[in-house]
Protein chains: 2
Amino acid sequence: MLIKGARQLIGPFSWPPGSRPFPARPFMRLPLPSLPIPARPSQFCRQLASVGALPQLTKDRYPQVKRGSFSKLEQTHLQFFRDLLGSNRVITDEDECQSFNIDWIKNVRGFSQCILKPKSTEEVSKILAFCNNNRIAVCPQGGNTGLVGGSVPVFDEVVLWTGQMNKIINLDETSGVLVCQAGCILENLETFVGDSGLMIPLDLGAKGSCHIGGNVSTNAGGLRLVRYGNLHGSILGIEAVKADGEIIDCLSTLKKDNTGYHLKHLFIGSEGTLGIVTKVAIHCPSKPNAINVAFLGLKSFDDVLKTMKQAKQQLGEILSSCELIDEASLGLATGHLQLKCPLGVYPFYMLIETHGSNNEHDEEKMNTFLESIMADGLVEDGTTTNEVSKMNNIWALRERITEGSTHEGYIFKYDISLPTENFYSLVPIMKERMGESAKVVCGYGHIGDGNIHLQVIVNEFTQDALNKIEPFIYEYTSKLKGSVSAEHGVGFRKPKYIHYSKSPEAIALMKELKTMMDPNGILNPYKVLPS
Amino acid sequence: MLIKGARQLIGPFSWPPGSRPFPARPFMRLPLPSLPIPARPSQFCRQLASVGALPQLTKDRYPQVKRGSFSKLEQTHLQFFRDLLGSNRVITDEDECQSFNIDWIKNVRGFSQCILKPKSTEEVSKILAFCNNNRIAVCPQGGNTGLVGGSVPVFDEVVLWTGQMNKIINLDETSGVLVCQAGCILENLETFVGDSGLMIPLDLGAKGSCHIGGNVSTNAGGLRLVRYGNLHGSILGIEAVKADGEIIDCLSTLKKDNTGYHLKHLFIGSEGTLGIVTKVAIHCPSKPNAINVAFLGLKSFDDVLKTMKQAKQQLGEILSSCELIDEASLGLATGHLQLKCPLGVYPFYMLIETHGSNNEHDEEKMNTFLESIMADGLVEDGTTTNEVSKMNNIWALRERITEGSTHEGYIFKYDISLPTENFYSLVPIMKERMGESAKVVCGYGHIGDGNIHLQVIVNEFTQDALNKIEPFIYEYTSKLKGSVSAEHGVGFRKPKYIHYSKSPEAIALMKELKTMMDPNGILNPYKVLPS
């Protein structure tokens with residue numbers, strides 16, 4: 001196991017400056033390492049995807065999936081794209097295409113021979129109108145940080161990459177509304193609105209690479225949904241291009257607008273299969289004056305649940321994150337990425353964060369909460385801090401688990417919503433089920449929202465391993481009325497499993513919508529909809 | 001004017017017990033009346049609609065709207081309904097039908113001769129399948145508290161009333177998720193979840209009558225959107241019945257569920273034209289431990305804007321309402337409904353409310369905020385309280401304006417979103433435009449969300465008065481990129497104006513959706529979609 005090695009890096013006790021000790025009870029505390037703020041995992045995404053052993057071609061690994069009756073790319077098609085975009089925004093070099101063909105966790109690989117890099121809505125509109133008329137399949141791609149193979153081609157689809165649509169259009173500081181193109185990188189937007197005292201109501205590990213258009217198209221959830229809600233609530237407006245090239249302008253910047261059907265929601269979470277999002281308007285709340293983080297070690301899942309309940313009650317309106325990390329998940333981050341953990345070894349860790357407007361009030365609420373969980377004997381050890389670099393170090397332990405996992409082997413990754421009391425139940429069941437065939441079985445995620453990320457890591461992909469996991473994991477989730485895709489979406493890997501979470505009538509309605517919006521099926525084929 | 005008469009009711013200065021004086025500066029303060037908690041306006045809705053002078057039949061007032069080619073109701077149809085529901089849930093008595101035919105602000109009147117009262121989703125399904133097969137038009141109706149004529153028939157549509165679908169199905173106290181039928185009255189739900197320390201994240205003046213299904217179908221906004229967000233964010237699941245009777249079960253109770261298209265949003269805000277909502281799952285946040293209300297008198301709109309900005313900054317995460325009432329609007333509540341105002345006469349009033357988990361912290365934040373706006377000379381007078389009966393009395397001044405207005409004459413009522421700096425600009429413009437022809441021109445509403453309710457009240461409806469207001473008011477709103485319906489929806493009265501806020505392509509997509517979901521157009525015809 002990795003964990004032991006990682007633990008040896010941790011030195012003896014001393015209080016890191018800026019950290020506040022837990023009141024009232026002595027803890028065994030370990031120093032926070034003074035590392036530079038770690039690079040976000042997502043900054044590695046494209047590199048990771050293109051280096052090392054190539055994953056098997058998707059068409060070979062999943063031979064049951066058949067190429068649709070789309071046109072093969074011809075020189076006349078390429079000429080149209082070059083006339084429209086110029087040669088340097090039409091990529092056909094095989095090596096250059098490679099990183100757009102592979103997802104960053106190396107689960108799937110397509111073989112597109114053409115990457116298009118439009119800069120404007122009008123260019124997207126002309127590309128789609130042409131592709132629709134010529135029956136050319138299109139795979140929209142943003143930061144390519146998805147985890148279900150939704151953003152890479154399955155066969156030879158043309159990739160429409162949004163990275164050059166990266167302009168900020170307007171920020172209204174009074175109302176807190178940001179309008180920008182779909183290809184803006186989430187972290188860049190965060191920095192931009194931060195200068196005006198605002199924040200983006202979405203944060204996730206991949207923020208250094210992911211595009212806001214991709215976030216919206218996949219209804220990304222992330223680390224602070226417990227406080228700032230989901231994108232259906234905070235996206236005020238969307239401009240999108242339909243498969244036939246028609247531009248749908250619903251780019252309202254108003255908090256309230258009940259003039260007819262709420263069309264923007266067709267594009268939130270439909271993973272580019274109903275249209276390509278080109279611009280978004282986002283409501284940005286005020287940046288908190290005070291941020292506090294507590295990192296806790298706990299001995300049982302029952303204690304985790306009780307601690308969460310107290311966090312919700314006592315931290316109330318300032319609770320901005322409530323995350324769980326199990327021992328094995330932490331080991332993947334500490335073992336492979338030289339990250340240090342400030343606590344000893346425990347079966348469970350919780351990361352609890354507050355965002356508030358008054359640091360004195362927030363610290364008091366946090367201290368009261370910590371005192372109360374200590375008095376109840378719910379935590380074994382913990383540290384709390386409001387120093388930026390230390391908070392980043394703690395957050396890295398949570399955010400870089402996926403990155404650490406890629407060094408361990410082939411990842412079977414599941415993103416599941418379960419009723420709170422059953423949140424962790426799948427992990428021990430899967431551990432037993434996999435036995436020696438898995439290197440690691442671990443679980444972590446957004447317990448505050450009932451969303452666990454379960455990973456089964458093996459040396460390399462085998463059908464046997466897959467058969468041990470699926471469909472069992474989905475059947476289990478379905479029985480508990482959970483969701484087989486909480487926040488990662490359906491993409492390529494899950495269409496055949498959505499019936500575990502959606503009724504036949506709902507799936508039929510999805511298909512009717514798809515037929516209405518994209519009658520030729522050119523937009524992101526083989527994704528989302530079951531065949 | 002009413003205002004003078006109302007003011008005479010106010011007695012000399014004394015501090016009401018439980019109110020906290022503004023710190024640091026003496027104010028001229030007036031006592032809060034010790035009235036019982038006033039009845040909600042909505043409790044009067046159905047009575048108001050059915051008593052007094054009847055409004056003109058819609059078909060006569062708007063002769064340009066032609067009856068669709070739907071079947072006329074026949075005895076065989078009635079027999080089917082009676083066989084399905086029993087005689088006592090099929091209303092055909094003319095007097096009994098009356099209140100279902102008139103909206104409560106007496107703007108529109110249909111002449112339905114049949115009211116159906118299903119109790120279950122299955123009954124709704126059978127009714128719609130039958131109506132679809134027999135081309136019978138259906139008008140869904142909940143609490144009938146809408147303000148745009150969306151919930152009453154235009155001609156002889158069968159009314160499907162949800163009032164007997166009023167069962168609570170489940171409340172999960174740990175996750176805070178309530179599942180209930182569509183006909184539950186909002187206030188009843190509030191009381192029910194309140195017993196478990198939770199609250200419904202929606203509150204509006206009509207809560208004593210409105211049904212949650214109607215709230216969802218109209219994407220109701222209400223008084224606390226600034227804090228708890230909109231229904232697209234807080235509705236977790238929906239069960240709805242399509243025009244052909246098919247039941248779409250998207251009744252997820254999970255906070256995160258990205259398994260395919262987010263179909264529930266088709267039904268949120270489409271005003272019963274795409275399907276009839278039969279069940280909802282709502283995320284209920286914790287009930288606040290502390291509620292504080294401040295009621296302020298201000299001399300200019302510029303001061304209102306500055307006060308709002310400071311409220312957002314200083315009250316941050318606990319700000320739960322930020323409402324504006326102008327002098328004339330307040331006069332309608334105090335003059336007609338024996339409500340008393342604790343402050344003197346000012347051009348503007350603001351109601352600012354906080355919801356928080358720690359009263360000491362919240363009071364400190366509120367006091368700091370009040371001190372700061374006083375030091376800046378932004379408010380002329382004010383009172384603050386956390387006593388329930390006094391908070392209710394203050395809230396009644398805001399919530400009962402519409403009810404008071406019905407006593408004044410015929411109301412032309414507009415519900416508009418405008419950029420904050422232009423929020424109030426329409427009121428003086430309309431006042432000048434109407435001149436002597438209007439009894440009252442006033443504005444009030446949710447300034448925290450940029451949503452104003454503008455009223456022009458005349459002795460009785462005249463086409464001349466209407467022509468003075470429309471389309472001018474919509475053209476003005478459109479020029480400022482506002483919304484011609486912020487929260488009330490489109491209903492019967494606004495379809496021809498939605499092009500002021502929606503592009504032709506978006507309207508075309510709405511029509512495609514309608515054709516797909518309801519090819520015979522039986523669901524709430526003449527509403528929402530422009531002809």
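Every chain is numbered from 1 and lettered A, B, ... according to where its sequence line falls, protein lines coming before strand lines.
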Asks: Quick one: closest heavy-atom pair of B/Thr174 and B/Asp172, and the distance?
Replies: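 Result for this residue pair: N-OD1, 2.9 Å.
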Asks: Answer yes or no: is there an ion pair linking A/Lys527 with A/Glu271, defined by an N-O contact shorter than 4.0 Å?
Replies: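 No.
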Asks: Any side-chain heavy atom of A/Leu529 within less than 4.5 Å of one from B/Tyr261?
Replies: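 Yes; the side chains approach each other to less than 4.5 Å.
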Asks: Output the option from A/Ala508, A/Cys250, A/Ala506 having the highest count of non-hydrogen pairs under 4.5 Å with chain B.
Replies: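 Maximum pair count with chain B is reached by A/Ala506.
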Asks: Among B/Ser252, B/Pro285, B/Gly489, B/Gly316, which has the most heavy-atom pairs under 4.5 Å with chain A?
Replies: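 The residue among B/Ser252, B/Pro285, B/Gly489, B/Gly316 with the greatest pair count is B/Gly489.
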Asks: Please look at A/Lys242 and chain B and tell me whether the side chain, the backbone, both or neither of the residue comes under 4.5 angstrom of a heavy atom of that chain.
Replies: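 Only the side chain of A/Lys242 comes within 4.5 Å of chain B.
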Asks: A/Asp257 versus chain B, heavy atoms under 4.5 Å apart: side chain, backbone, both or neither?
Replies: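 Both the backbone and the side chain of A/Asp257 come within 4.5 Å of chain B.
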Asks: Going through the distances and angles, do B/Tyr414 and B/His453 end up as a side chain to side chain contact (heavy atoms under 4.5 Å, CB included)?
Replies: CA-CA 6 Å; B/Tyr414 299 91; B/His453 299 311; over 6 Å; no
Asks: Please look at A/Met308 and chain B and tell me whether the side chain, the backbone, both or neither of the residue comes under 4.5 angstrom of a heavy atom of that chain.
Replies: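 Contact with chain B involves no heavy atom of A/Met308 at all.
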Asks: Specify which of B/Lys514, B/Lys255, B/Met510, B/Lys312 makes the most heavy-atom pairs with chain A at under 4.5 Å.
Replies: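 Maximum pair count with chain A is reached by B/Met510.
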Asks: Count the heavy-atom pairs under 4.5 Å between each of A/Lys481, A/Lys264, A/Glu364 and chain B, then report the option with the highest count.
Replies: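 The option with the most such pairs is A/Glu364.
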Asks: Measuring heavy-atom distances to chain B, does A/Ile247 have an atom under 4.5 Å in its side chain, in its backbone, in both, or in neither?
Replies: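 The backbone, not the side chain.
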Asks: Is it the backbone or the side chain of A/Glu246 that comes under 4.5 Å from a heavy atom of chain B, or both, or neither?
Replies: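 For A/Glu246, the side chain is the part near chain B, not the backbone.
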Asks: Under 4.5 Å heavy-atom distance to chain B, tell me which part of A/Thr218 shows up: side chain, backbone, both or neither.
Replies: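 For A/Thr218, backbone heavy atoms alone lie under 4.5 Å from chain B.
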Asks: Of the listed residues (B/Thr273, B/Thr368, B/Asn358, B/Leu315), which shares the most heavy-atom pairs with chain A below a 4.5 Å separation?
Replies: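 Ranked by contacts with chain A, first place is B/Thr273.
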Asks: If only side-chain N and O atoms count, and only distance matters, is there a donor-acceptor pair under 3.5 Å linking A/Ser372 with A/Gln314?
Replies: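 On atom types as modelled, these side chains qualify, holding a pair under 3.5 Å.
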Asks: Going by the angle between their ring planes, with limits at 30° and 60°, are B/His265 and A/His232 parallel, tilted or perpendicular?
Replies: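 Ring orientation, 0 to 90° scale: parallel.
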Asks: Let me know if A/Leu513 has heavy atoms under 4.5 Å from chain B in its side chain, its backbone, both or neither.
Replies: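 Contact with chain B: backbone and side chain both.
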Asks: Taking atom types as modelled, find out whether A/His355 and A/Tyr228 have a side-chain donor-acceptor pair closer than 3.5 angstrom.
Replies: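 Yes - a donor-acceptor pair under 3.5 Å links their side chains.
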Asks: Given a strict heavy-atom distance threshold of 4.5 Å, which part of A/Val490 is in contact with chain B: side chain, backbone, both, or neither?
Replies: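 Contact with chain B is through both the backbone and side chain of A/Val490.
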Asks: Can you tell me if A/Tyr500 and A/Ser483 form a side-chain donor-acceptor pair at under 3.5 Å?
Replies: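 Side-chain D/A pair, A/Tyr500 to A/Ser483: absent.
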Asks: So, do A/Leu418 and A/Thr477 sit near enough that their side-chain heavy atoms are less than 4.5 Å apart?
Replies: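 The answer is yes, as the side chains (C-beta and beyond) meet within the 4.5 Å cut-off.
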Asks: What part of B/Asn230 lies closer than 4.5 angstrom to a heavy atom of chain A: side chain, backbone, both or neither?
Replies: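 Only the side chain of B/Asn230 comes within 4.5 Å of chain A.
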Asks: Can you tell me which of A/Leu274, A/Thr253, A/Thr420 forms the most heavy-atom pairs within a distance under 4.5 Å of chain B?
Replies: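 Of the options given, most contacts go to A/Leu274.
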Asks: For A/Asp362 and A/Ala290, which heavy atoms make the closest approach, and how far apart are they?
Replies: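 Smallest interatomic distance, heavy atoms only, reads OD2-CB, 3.6 Å.
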Asks: So which residue, A/Gly448, A/Gly229, A/Gly356, A/Gly450, ends up with the most heavy-atom pairs under 4.5 Å with chain B?
Replies: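 Result: the option with the highest number of such pairs is A/Gly356.
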Asks: Counting heavy-atom pairs under 4.5 Å with chain B, which one of A/Ile248, A/Leu254, A/Leu225 comes out on top?
Replies: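 Between A/Ile248, A/Leu254, A/Leu225, the count favours A/Leu254.
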Asks: Tell me, out of A/His446, A/Glu505, A/His262, who's got the most heavy-atom pairs with chain B below 4.5 Å.
Replies: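 The answer is A/His262.
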Asks: For a quick check under 3.5 Å, do A/His361 and B/Glu360 share a side-chain donor-acceptor pair by atom type?
Replies: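 Absent: no donor and acceptor within the cut-off.
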Asks: Search all heavy atoms of B/Ser357 against all heavy atoms of A/Gln313 and return the closest pair with its distance.
Replies: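 Looking at all heavy atoms of both residues, the shortest contact is CB-O, 4.5 Å.
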Asks: In terms of heavy-atom pairs under 4.5 Å with chain A, which of B/Lys309, B/Arg227, B/Lys365, B/Met517 leads?
Replies: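 Going by pairs under 4.5 Å, I would pick B/Lys365.
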Asks: Under the 3.5 angstrom rule, does the side chain of B/Asn258 hit a backbone N or O of A/Asn219 as a donor-acceptor pair?
Replies: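 Looks like yes, one N/O pair under 3.5 Å.
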Asks: Between B/Pro530 and B/Ile507, which heavy-atom pair has the shortest distance, and what is it?
Replies: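 For B/Pro530 versus B/Ile507, the nearest heavy atoms are CG-CG2, 3.7 Å.
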Asks: In terms of heavy-atom proximity below 4.5 Å to chain B, should A/Asn451 be classed as side chain, backbone, both, or neither?
Replies: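 For A/Asn451, the side chain is the part near chain B, not the backbone.
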Asks: Can you say whether A/His283 sits under 4.5 Å from chain B via the side chain, the backbone, both, or neither, judging by heavy atoms?
Replies: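 Contact with chain B is absent: no heavy atom of A/His283 under 4.5 Å.
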Asks: Heavy-atom cut-off 4.5 Å, strictly under: side chain, backbone, both or neither for A/Val177 against chain B?
Replies: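 No part of A/Val177 comes within 4.5 Å of chain B.
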Asks: Between B/Gly260, B/Ser501, B/Ser270, B/Gly482, who has the most heavy-atom pairs with chain A when the cutoff is under 4.5 Å?
Replies: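 Between B/Gly260, B/Ser501, B/Ser270, B/Gly482, the count favours B/Gly260.
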Asks: Which answer fits B/Ile268, side chain, backbone, both or neither, if we ask what part of it has an atom under 4.5 Å from a heavy atom of chain A?
Replies: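 Contact with chain A is through the backbone of B/Ile268 alone.
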Asks: Spell out, as yes or no, whether a donor-acceptor pair under 3.5 Å connects the side chain of B/Thr278 to the backbone of B/Glu239.
Replies: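 Yes, because the side chain of B/Thr278 sits within donor-acceptor range (under 3.5 Å) of the backbone of B/Glu239.
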Asks: Please classify the contact of A/Lys502 with chain B as side chain, backbone, both or neither, using a heavy-atom distance under 4.5 Å.
Replies: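 Looking at A/Lys502, just its side chain touches chain B.
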